[in-house]
Amino acid sequence: MSRIQRLIRDMTLAEKLGQLTMTAAGYAVTGPVIAGDSTDGIKSGAIGNLLNLVGADHVHEMQRLAIEQSRLGIPLLVGLDVIHGHRTLFPIPLAEAGTFDPRLWELTASEAAAEAAADGLAMTFAPMLDVSRDPRWGRSAEGAGEDPWLGMQMAAAKVRGFQGASLAAPHTLAAVAKHFCGYGPVNAGREYASVDISERTLREVHLPPFEAAVAAGVVAVMPAFTDLAGIPLTAHVDLLRGWLRGRLGFDGVIISDYNAIAELIRHGVAADLTEAAVLALKAGVDIDMMSNAYRSGLPIALEHGLVSLADIDAAVHRVLALKENLGLFENPYGRGARAESAATLTRRRQLAREAGARAIVLMKNEADCLPLRADPARIAVIGPLADAPGEMRGPWWAAGVAAGHVSVLEGLRTALPHTDIVHAQGTDILGTDTGGIQAAVDLCDAADAIVLCVGEAAAMSGEAASRAHLDLPGQQRLLAQSVIERAHARGRHVIVVLFSGRPLILPWLFEEADAVLAAWFLGCEAGHAIADVVTGRVSPSGRTPVSWARALGQVPVFFGERPTGRPADPKDHFTSKYLDVPNDPLFAFGHGLTYGRFTLSNLRVSPPRVRESDDIQIKVDVLNEGAREAEETVFLFTRDRLASVARPLLELMGFAKITLRPRAQGTVTLNLAAAQLKFLGLNLQPVFEPGEVEILVGPCADRSRLLVHCIELMR
Ligand code: GLC
């Protein structure tokens with residue numbers, strides 16, 4: 001008999017339900033504030049898992065209670081939202097997606113896992129895999145942007161990074177693919193709102209990243225808070241038991257979101273905690289995070305025959321198997337056994353700096369005003385986000401404290417020690433105070449260049465942070481326009497560093513500023529990363545993983561739309577367009593300038609006719625006509641103009657990078673398995689349809705900038 005079988009045989013019902021319960025331990029920098037009855041619950045076996053407890057000593061203290069004082073000595077599983085770093089914060093996922101660098105995605109996850117595991121943690125509630133095309137929704141910040149294929153690459157890289165080669169290794173974390181599924185298109189972009197999308201969109205857009213996570217071996221999945229067409233994901237039998245466990249064969253742990261089981265009552269599908277517990281258990285949810293529904297409802301449900309002991313034992317088995325895979329039985333104190341070296345932390349911060357610089361998207365660079373001329377005499381650094389180290393963390397800062405984060409002001413002062421760098425906040429991020437604007441504007445008079453740092457506060461994106469207006473908050477627009485007006489009157493450039501967890505809607509800023517860097521939220525080394533790009537020490541290579549709308553009225557705007565029967569035609573009034581704005585976004589997915597100047601030519605594709613089992617090779621020549629070395633990202637799209645189902649205008653199928661010195665030329669090769677051109681036919685089953693398909697290659701999802709070549713698919 002295995003250990004797990006023996007434990008299940010010996011466990012009381014209360015101990016079994018304890019393994020299906022995860023309770024929050026209030027985490028504070030000074031130490032744990034164990035919520036409620038957790039310590040008693042741990043000793044009695046009524047609580048088998050914790051979240052939000054950080055610090056090896058604190059985790060080991062709780063672990064010792066479980067191991068030494070509970071009847072069966074089953075180790076605790078302790079988790080935290082390590083979304084983009086633990087204590088050393090990396091760029092937020094949306095920013096990191098823009099590096100289009102799967103190796104980097106995996107590396108930062110691996111580093112975050114090592115740092116969190118050194119703090120005693122064994123699980124992270126990450127990666128977040130929700131595809132988002134609605135910038136009103138604050139959680140766009142946590143994901144990989146608007147495209148499902150990009151989301152699949154990020155999902156696999158993050159699972160590999162967090163979980164490593166073996167979860168028994170004490171520097172790894174169990175990853176949790178969340179929030180399953182279709183959470184991104186919440187109604188009106190409003191957080192937690194209902195979701196109602198087609199089965200086709202669900203399968204073509206929102207499920208693929210989770211499929212990739214399962215294929216990469218993710219050991220846990222978290223259902224979304226939301227309902228999908230009236231069925232809450234926490235109780236969604238078809239998607240949890242049917243698709244995830246049945247179709248994909250996922251046999252890992254499903255862990256509810258925070259209090260989500262109890263919220264089935266507010267969804268209106270459960271009358272009380274007992275009914276909520278039954279629905280969730282029957283749907284396949286194993287761990288109840290924070291709602292206490294399982295501990296309080298399942299005994300009653302069992303008594304009334306609404307669930308079976310076998311249902312409960314199956315869930316317990318999966319939880320114990322995860323703890324066994326994590327090595328928690330053999331080595332419950334392995335995670336956090338020894339502190340990391342100073343050299344490790346230094347190296348990790350250097351990685352955060354490199355990741356930050358690579359995540360920055362140079363959106364505009366009028367007259368090549370960037371990089372700054374060498375050693376300017378005086379720079380004015382203005383705005384509420386210029387000297388705001390804590391804000392650089394972005395949402396979900398886990399154990400990343402504000403202290404130690406590098407602000408733009410600090411980064412520039414370090415990078416330009418001989419430059420007189422003056423600073424004025426001008427206004428604050430959210431407030432109505434305009435009293436400081438004049439002093440900030442006056443700084444422009446004697447400056448050689450102005451760096452204007454504006455945008456959102458860290459807490460204005462992430463969870464529970466939907467926004468109905470996507471302009472600059474507070475009085476920042478007044479500040480920005482006042483500064484730009486004065487600077488231009490003095491013949492000076494204004495370089496805007498824009499911080500946000502989403503693509504803000506700022507057509508006026510992109511029109512009036514001379515240069516704009518989308519800096520998202522870059523983590524602990526933000527200031528150094530921004531200074532590296534602004535001074536030219538690093539050539540910007542980031543590309544936006546989301547489209548930037550011209551107007552909120554365009555939302556959702558994304559490149560993967562279908563053509564409609566009346567595609568926009570300026571010569572035909574009765575076609576799909578607005579009266580007041582163009583259809584295309586202000587910036588297309590993949591947009592990002594560099595300090596080079598790249599042209600693509602000579603696209604060649606072979607073979608010209610392909611069968612499903614063939615591989616397609618795509619080559620394109622790239623020339624850097626600029627004066628500086630730079631890295632170019634080349635995207636591969638396809639367009640299937642004629643099929644049994646209306647196919648998207650563009651589908652992202654790959655990307656590649658090339659770094660070229662000035663006036664150098666190179667060739668980029670992209671490989672595409674013809675099988676990747678399968679799609680869901682009329683019956684939502686994968687089909688490989690013969691016919692012509694366009695292969696498109698270029699710098700972003702703007703068809704006018706893509707080289708096109710047609711191939712023939714054959715049975
Ligand atoms: C939150 C989030 C989820 C997170 C969990 C634990 O409400 O929805 O993403 O992992 O609760 O903090």
Side-chain angles (χ1 to χ4, degrees), residues 21-28 32-33 35 38 47 49-54 77-86 92-94 109 112-113 116 119 121-132 137-144 151 154-155 158-159 162 173-184 186 190-193 195 206 209-210 213 218-228 232-234 252-264 266-267 280 285-293 393-400 459 461-466 501:
T21 295
M22 180 176 272
T23 298
Y27 162 64
V33 174
S38 292
I47 291 176
N49 310 286
L50 291 176
L51 75 147
N52 297 350
L53 181 63
V54 173
L77 171 64
V78 184
L80 182 75
D81 291 284
V82 181
I83 310 292
H84 52 101
H86 180 57
I92 59 171
L94 187 63
D119 251 353
L121 293 163
M123 173 178 267
T124 175
F125 308 119
M128 185 271 210
L129 304 178
D130 304 301
V131 176
S132 169
W137 190 49
R139 305 201 80 164
S140 307
E142 300 173 44
M154 186 89 151
K158 288 300 180 187
V159 169
F162 285 130
L173 295 178
V176 178
K178 74 181 187 183
H179 307 81
F180 183 85
C181 56
Y183 184 4
V186 280
R190 193 177 66 253
E191 180 61 291
Y192 311 128
V195 173
H206 299 286
F210 289 92
V218 74
V219 292
V221 169
M222 180 187 286
F225 284 123
T226 41
D227 73 276
L228 178 59
L233 270 304
T234 305
V253 167
I254 296 177
I255 178 169
S256 84
D257 204 334
Y258 198 106
N259 196 43
I261 296 177
E263 289 163 19
L264 294 175
R266 290 194 200 133
H267 275 289
V285 176
D286 299 312
I287 292 181
D288 167 10
M289 182 190 286
M290 276 309 282
S291 87
N292 221 23
R393 293 180 291 175
W396 288 112
W397 51 70
S461 60
E463 185 176 359
S466 286

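Not measured: the values here are computed from a predicted model. Below, all heavy atoms of this structure are taken into account, side chains as well, without hydrogens, waters or symmetry copies. Numbering of ligands and ligand atoms starts at 1, following listing order.
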Quiz item: Numbering the atoms of ligand 1 from 1, which are under 4.0 Å from a heavy atom of Asp257?
Solution: 1 (C), 2 (C), 3 (C), 4 (C), 5 (C), 7 (O), 8 (O), 11 (O)

Quiz prompt | Any Met222 heavy atom less than 4.0 Å from ligand 1 | solution = yes

Practice problem: Nearest 0.5 Å please: distance from the CG atom of Leu50 over to the CG atom of Leu80. | Solution: 11.5 Å

Self-check item: Full working for side chain to side chain contact (heavy atoms under 4.5 Å, CB included) between Arg139 and Trp396
Solution: CA-CA 10 Å; Arg139 305 201 80 164; Trp396 288 112; 3.5 Å; yes

Quiz prompt | Any N or O of Asn52 closer than 3.5 Å to N or O of ligand 1 | solution = no

Quiz item: What atoms in ligand 1 come closer than 4.0 Å to a heavy atom of Lys178?
Solution: 3 (C), 4 (C), 9 (O), 10 (O)

Practice problem: Test Lys178 against every option in Ile83, Val221, Asp257, Leu129 by the side-chain contact (heavy atoms from CB on, under 4.5 Å) rule and name the one that passes. | Solution: Ile83

Quiz item: What is the nearest protein non-hydrogen atom to atom 6 (C) of ligand 1, stated with its residue, atom name and distance?
Solution: Asp81 OD2, 3.3 Å

Quiz item: If you measure from each non-hydrogen atom of Arg139 to ligand 1, which part falls under 4.0 Å: side chain, backbone, both or neither?
Solution: side chain

Self-check item: Criterion side chain to side chain donor-acceptor pair (under 3.5 Å) on Glu463 and Tyr192, from CA distance to verdict
Solution: CA-CA 9 Å; Glu463 185 176 359; Tyr192 311 128; 2.5 Å; yes

Quiz item: Hey, is ligand 1 close enough to Trp396 that some N/O pair sits below 3.5 Å?
Solution: no

Quiz item: So how far is it from Met154 CE to Met128 CE, rounded to the nearest 0.5 Å?
Solution: 10.5 Å

Exercise. Output yes when the distance from some N or O of ligand 1 to some N or O of Glu142 is under 3.5 Å, and no in every other case.
Key: no

Quiz item: Just how far is it from atom CG of Asn292 to atom CD1 of Ile261, taken to the nearest 0.5 Å?
Solution: 10.5 Å

Quiz item: Hey, are the side chains of His86 and Asp119 touching, using non-hydrogen atoms and a 4.5 Å cut-off?
Solution: yes

Quiz item: Which of the atoms of ligand 1 are close to Tyr258, meaning less than 4.0 Å from one of its heavy atoms?
Solution: 7 (O), 11 (O)

